[in-house]
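Input: a single structure, listed below in structure tokens.
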Amino acid sequence: EGGPVPGCGPWRIWIGSSAASHPVILFRLDVQGRLPATEATMEKKKEPKWVKRWKSWIAAKPSKPGVWRRKAGGFLIRGRAVDPRTGKTREVRKTLPKADAAGAYRVLDEELEKVRHGGWTRIETTRFDAYAVSLLARKVATGEVKSAKTREKWGDVLEHHLFPAFGHLLIDQIRRADVEQWKAMIGKRVQAKQLSPNTANGWLSVLKSVMNSAVGELELERNPVMGVKPFDTSTHHTYTEEEPNALTVAEVPAFLAKMRQDYPQFFAMTAMGFATGLRPSSLRPLRRKGTTPDLLWDEGVMLVRRSHTRRKDVMETTKTKRHQRLELPQELMDILRWHVDELQNDRMRESELLFPSRIGGFHAENVLVKPFTEVAKSLKLGKKLTPRGMRRTFQDLARAAEVKDVVTRAVSGHATEVMQRHYSTVGGQEIREGIAKVVSLAKVREAMTATPEAAKKGAGQSESGVLSGVLGSEMKKAS
């Protein structure tokens, strides 16, 4: 009667019989307690039954649906789903040696999801930056993007101008409003004269290329760049009356003579540029010897079929993807022979290139920039002239020499008047005579010996006198 009164359940509560004393609660387990075992502890204590299936020893029972523990470590996943493109069931089976059960189950779910979407990664997991990088890599691999200059342009535009605005966005979540907002931000810089609209249109062109490809490849429901207008260029003039980036007919002889005097190593390249209108990128990779020379000395023929952009990167085609065969007049061939005889060292003489650098390799892209700037400054032309100006000046010289438009395009490689060129055939002799007219008008031969001052005075000679003195009666007849 005075003993302890047991309580109920596994815990015993003992209450003292003395009324004066406070109740004392004592806790005791009737049985020895056990902590719940972890999954790892259970797996160690309970070795699964191993069976050999799918060329692997795996547990007889899956750890999760479609996930089996491997005896060698890791897990094997297996599942099946219907491929919507074929209507047939496809199996997914992979060995994941380093995964845990939960990770393996996630991989299985992702792989089955791919099958259900016809083999594509779900669109919503593709970000703009990841897609753009993969697109550029594929363009390079397939040869759609050939030149190093184009690769660098794409990389610069993506990294500095498109990724900050669109890189973090999922490709299918880019809206027209996002594009217009970015365009408005760039437009402020254009209006502030901080950026050329032509440059801005170059960035927009890359954005459109990426999104148009994504719409086609990922079968997006909408194209956010469709109908987006380019930046207005009507009030922006690259070339003006004050800065045409071209020489007049009268300025060419003095310019060539000064180039011959101050920069003789670049005289032949400059003369070729003014006489043919070829891009510097087409002149730099020309080969004068080797197994596949571009200059055929005995025939007086130059083959234009390569383009050099950056460092040692050479495209085996031209910018317009057209190969040209130019029959050169004797005046130009003489200048080229003089140039080769004047090469300054053994490495230059051993090089296959017609215009090698001092170490025998390709000249840098900007090699003519300083000579052109210094010569223009020395002659006090009052305007800037870049190497690109050779191409523009050639057009003016050809027009002044009354060379037919179709011949001019055949020489310079301009891809304009497509249908006219398509239905016209320009013979080698006609090309040679056309170049000879330009050479005569520019007084290229005289520049070999004349001083800039004498060349400038001689520029006043009548055009007919120059032509008749160099080309003779046959040229008169042809013109």
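When a residue number appears, it is its place in the shown sequence, counting from 1.
A side-chain donor from one of Tyr131 and Glu217 sits under 3.5 Å from a side-chain acceptor of the other. Arg305 and Gln324 are not linked by any side-chain donor-acceptor pair at a separation below 3.5 angstrom, with hydrogens and angles left out of the test.
Taking 4.0 Å as the cut-off between side-chain N and carboxylate O, Asp83 and Lys88 do not count as a salt-bridged pair. Salt-bridge formation is detected for the pair Arg306/Glu316: a Lys NZ or Arg NE/NH1/NH2 atom is positioned less than 4.0 Å from an Asp or Glu carboxylate oxygen. Ion pair Asp109/Arg106 not flagged as a salt bridge, since none of the NZ, NE, NH1 or NH2 atoms sits closer than 4.0 Å to an Asp/Glu carboxylate oxygen. Ion pair Arg175/Glu180 not flagged as a salt bridge, since none of the NZ, NE, NH1 or NH2 atoms sits closer than 4.0 Å to an Asp/Glu carboxylate oxygen. Salt bridge annotation for Glu433-Lys404: absent, with no cationic side-chain nitrogen under 4.0 angstrom from a carboxylate oxygen. Arg222 and Asp172 are not joined by a salt bridge, as no carboxylate oxygen comes within less than 4.0 angstrom of a charged side-chain nitrogen. A salt bridge is absent between Glu350 and Arg347; no separation between the charged side-chain nitrogens and carboxylate oxygens falls under 4.0 Å. Looking at Asp396 and Arg399, a side-chain N of the basic residue comes within less than 4.0 Å of a carboxylate O on the acidic one, giving a salt bridge.
Ring-centre distance between His339 and Phe355: below the 6.0 Å cut-off.
Side chains of Arg337 and Trp297 form a contact here, defined as non-hydrogen atoms less than 4.5 Å apart. Looking at heavy atoms from C-beta onward, Phe128 lies out of side-chain contact with Leu170 at the 4.5 angstrom threshold.
Ring geometry for Phe362 versus His308: interplanar angle under 30°, hence parallel rather than tilted (30 to 60°).
Looking at every heavy atom in both residues, Leu343 comes nearest to Met348 through CD1-O, 3.7 Å.
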